[in-house]
Amino acid sequence: MAVSKKRDQKVYKAPRNLGKPQSDNPKWLLPTALTLLVLGPAWIVVYYVSKAQFPIPGIGDWNLGFGFVFMAAGMVLLTRWK
């Protein structure tokens, strides 16, 4: 019996990607950024509530700088998030 020529043609089928799309983000990026964004204001609040005795008593107003550095570092990490 003769075989039809239609069978010889290869039909392209698009691959089905049923899984979660892969991202370029490292797994540590978002948790680290969010932790820094929470730690910064918490550091500043502890400084004000404790009347400049905590978190680090010997450095005085530089505690505010540490809080803002934590927040800035979290924002810098968020600029790398895709």
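What you see is a predicted model, and the numbers here were worked out from it, not measured in a lab. FYI, the numbering just counts along the sequence from 1.
- Atom CE in Met75 sits 6.5 Å away from atom CG in Leu37 (nearest 0.5 Å).
- Here the CG-CG distance, from Asp24 to Leu29, works out to 11.5 Å after rounding to the nearest 0.5 Å.
- Hydrophobic clustering, with ILVMFWY side chains joined whenever heavy atoms are under 4.5 angstrom apart, keeps Phe70 apart from Val76.
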Take Phe68 and Asn63, measure what side chain to side chain contact (heavy atoms under 4.5 Å, CB included) needs, and give me the verdict at the end. CA-CA 9 Å; Phe68 284 111; Asn63 280 307; over 6 Å; no

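- Separation of atoms CG (Leu64) and OH (Tyr47) is listed at 5.0 Å; rounding is to 0.5 Å.
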Let's go through Leu30 and Leu78 carefully: what are the C-alpha distance in whole Å and the side-chain angles of both, what is the deciding distance for side chain to side chain contact (heavy atoms under 4.5 Å, CB included) to 0.1 Å, and is it a yes or a no? CA-CA 7 Å; Leu30 190 60; Leu78 284 179; 4.2 Å; yes

Side chain to side chain contact (heavy atoms under 4.5 Å, CB included) between Met71 and Ile44, intermediate numbers included: CA-CA 10 Å; Met71 288 188 290; Ile44 293 171; 3.8 Å; yes

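- Here the CG atom belonging to Leu39 is positioned 12.0 Å from the OG1 atom belonging to Thr32, to the nearest 0.5 angstrom.
- The side-chain heavy atoms of Trp43 and Ile56, taken from C-beta on, include a pair separated by under 4.5 Å.
- Separation of atoms CZ (Phe66) and CH2 (Trp62) is listed at 8.5 Å; rounding is to 0.5 Å.
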